[in-house]
Amino acid sequence: MKIATWNVNSLKVRQQHVIDWLELSRVDVLCLQELKLPDEKFPRADFEAAGFKSWFAGQKTYNGVGILVRDGVNVDEASIVRNIPGFDDPQQRVIAATVEGVRIVSAYFPNGQAVGSEKFAYKMRWLDALADWIGAEMKLHPKLALAGDYNIAPEDRDVHDPKAWEGQNLVSPEERAHFVRLVELGLTDAFRKFEQPEKLFTWWDYRMLAFRRNAGLRIDHILLSAELASLCSACEVDKVPRKWDQPSDHAPVIATIG
DNA sequence: ATGGCCTGCTGTGCAGGA
């Protein structure tokens with residue numbers, strides 16, 4: 001089974017890219033973030049025609065997450081959870097589903113804007129709630145994947161210019177400590193389980209010719225529980241769709257299980 | 001050179017992203 005995550009920065013704009021990439025990548029499960037559309041505008045029928053069932057938690061303009069699952073792959077309909085239970089939040093950032101016995105969580109972590117800002121404080125509260133919930137989920141589901149746009153570059157090697165970024169939002173020690181807390185729950189960064197090229201990122205600013213200069217960050221991740229990590233045979237970033245016309249600023253990440 | 005781009009909105013420039 002291939003599990004992927006992709007921040008599409010508006011599903012309305014990127015719908016055809018997603019459909020093309022599903023065909024190209026042959027993934028079975030695709031976690032989406034930043035849908036930027038309300039549920040009534042989710043193109044469920046178009047994904048159905050492409051051979052995928054979909055579950056989603058959307059809202060107008062901002063945020064929004066989804067999970068697409070290839071036909072023939074078993075999904076427990078009763079297992080769908082939207083948002084972090086007990087964390088009251090109008091922002092749609094989390095959806096979970098149990099797929100072939102694997103707990104899949106598609107998450108769009110808050111950006112945080114700037115260290116010390118109100119949005120950063122919200123990011124910290126959200127991260128606390130997420131870790132509490134994921135810890136509980138892992139007890140219920142030994143096979144769990146937390147996939148999404150984390151808005152955290154875990155280490156300096158995940159940053160094109162660590163000096164320029166030092167202490168900034170997305171790389172600050174406080175954010176990185178939250179990433180470590182997730183790891184300490186027993187999760188493994190699938191990407192780092194394997195040898196990888198130097199300076200391989202998942203996000204590049206639209207400005208400053210950043211993609212061409214590879215001025216990026218690795219902020220999109222798939223973390224796996226121990227049982228799932230032991231079954232993981234590969235993890236890749238696919239930069240191809242970042243080169244397409246009118247691309248998302250994020251590239252998809254793929255983990256192969258089995 | 002501290003900006004630059006992209007998206008959605010009911011805007012007539014702004015907020016938000018990262």
Side-chain angles (χ1 to χ4, degrees), chain A residues 5-18 21 31-43 56-66 89-94 106-127 130 147-179 191 199-221 237 239 241-253:
Chain A
T5 182
W6 195 6
N7 178 325
V8 292
N9 184 19
S10 168
L11 186 56
K12 183 186 165 194
V13 175
R14 236 65 68 188
Q15 180 180 333
Q16 195 56 49
H17 281 200
V18 173
W21 191 75
C31 297
L32 297 171
Q33 299 88 35
E34 278 209 271
L35 306 179
K36 294 189 172 179
L37 44 74
D39 286 348
E40 59 269 24
K41 296 229 174 117
F42 190 95
F56 42 88
Q59 67 184 95
K60 200 167 95 170
T61 312
Y62 303 119
N63 311 311
V65 288
D89 189 356
Q91 302 185 34
Q92 302 300 306
R93 297 184 175 278
V94 169
S106 174
Y108 176 45
F109 290 40
N111 173 285
Q113 198 168 59
V115 176
S117 67
E118 181 45 51
K119 288 196 175 73
F120 189 84
Y122 162 73
K123 184 177 192 173
M124 297 301 111
R125 290 196 299 277
W126 189 94
L127 284 162
L130 179 78
D149 175 359
Y150 281 58
N151 272 315
I152 301 172
E155 300 177 60
D156 278 353
R157 60 180 166 159
D158 302 313
V159 180
H160 69 97
D161 186 348
K163 235 172 205 159
W165 277 86
E166 191 176 0
Q168 300 294 308
N169 189 48
L170 311 182
V171 310
S172 73
E174 212 175 340
E175 290 160 272
R176 285 177 169 177
H178 277 282
F179 188 91
F191 183 82
K199 299 188 183 299
L200 179 50
F201 307 119
T202 66
W203 171 84
W204 302 262
D205 202 305
Y206 284 123
R207 299 167 292 184
M208 303 173 284
L209 306 170
F211 184 67
R212 213 171 73 184
R213 296 190 294 117
N214 195 33
L217 303 174
R218 193 176 71 92
I219 54 176
D220 300 86
H221 311 294
V237 175
K239 288 169 72 170
R242 187 62 176 79
K243 300 169 188 168
W244 292 346
D245 284 341
Q246 208 179 0
S248 168
D249 42 357
H250 294 254
V253 182

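To find a chain, count down the sequence lines: A is the first, B the second, and so on, and within it residues start at 1.
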Annotated protein contacts, base or backbone, on nucleotides 5-13 of chain B with a non-hydrogen cut-off under 4.0 Å, one of B, S, - each = BSSSSS---
Check DNA chain B against residues 113-122 of chain A and give the residues with a non-hydrogen atom under 4.0 Å, in numerical order.
-> A:Gln113, A:Lys119
If you measure from the C1' atom in B:dG4 to the same atom in B:dG17, how many Å do you get, rounded?
-> 15 Å
Gap in Å between the two P atoms, one belonging to B:dT7 and one to B:dG3, rounded = 23 Å
Set of salt bridge (charged side-chain N to carboxylate O under 4.0 Å, His left out) partners for A:Arg242, sequence neighbours left out | none
Mind checking side-chain contact (heavy atoms from CB on, under 4.5 Å) for A:Glu174 and listing every partner two or more places apart, or none if nothing turns up?
-> A:Phe120, A:Met124, A:Ser172
How about A:His160 and A:Lys199: do any of their side-chain heavy atoms sit closer than 4.5 Å?
-> no
ring-ring contact (aromatic ring centres under 6.0 Å, His included) partners for A:Tyr150, two or more places apart = A:Phe109, A:Phe179, A:His221
Pairing residues for A:Leu200 by the side-chain contact (heavy atoms from CB on, under 4.5 Å) criterion, not counting sequence neighbours | A:Phe191, A:Gln196, A:Pro197, A:Val237, A:Lys239
Is the closest basic N to carboxylate O distance between A:Arg176 and A:Glu166 below 4.0 Å?
-> no
Taking the same atom, P, in B:dG11 and in B:dC5, what whole-Å distance lies between them?
-> 24 Å
Sidechain N-carboxylate O distance under 4.0 Å for A:Asp249, A:Arg207 | no
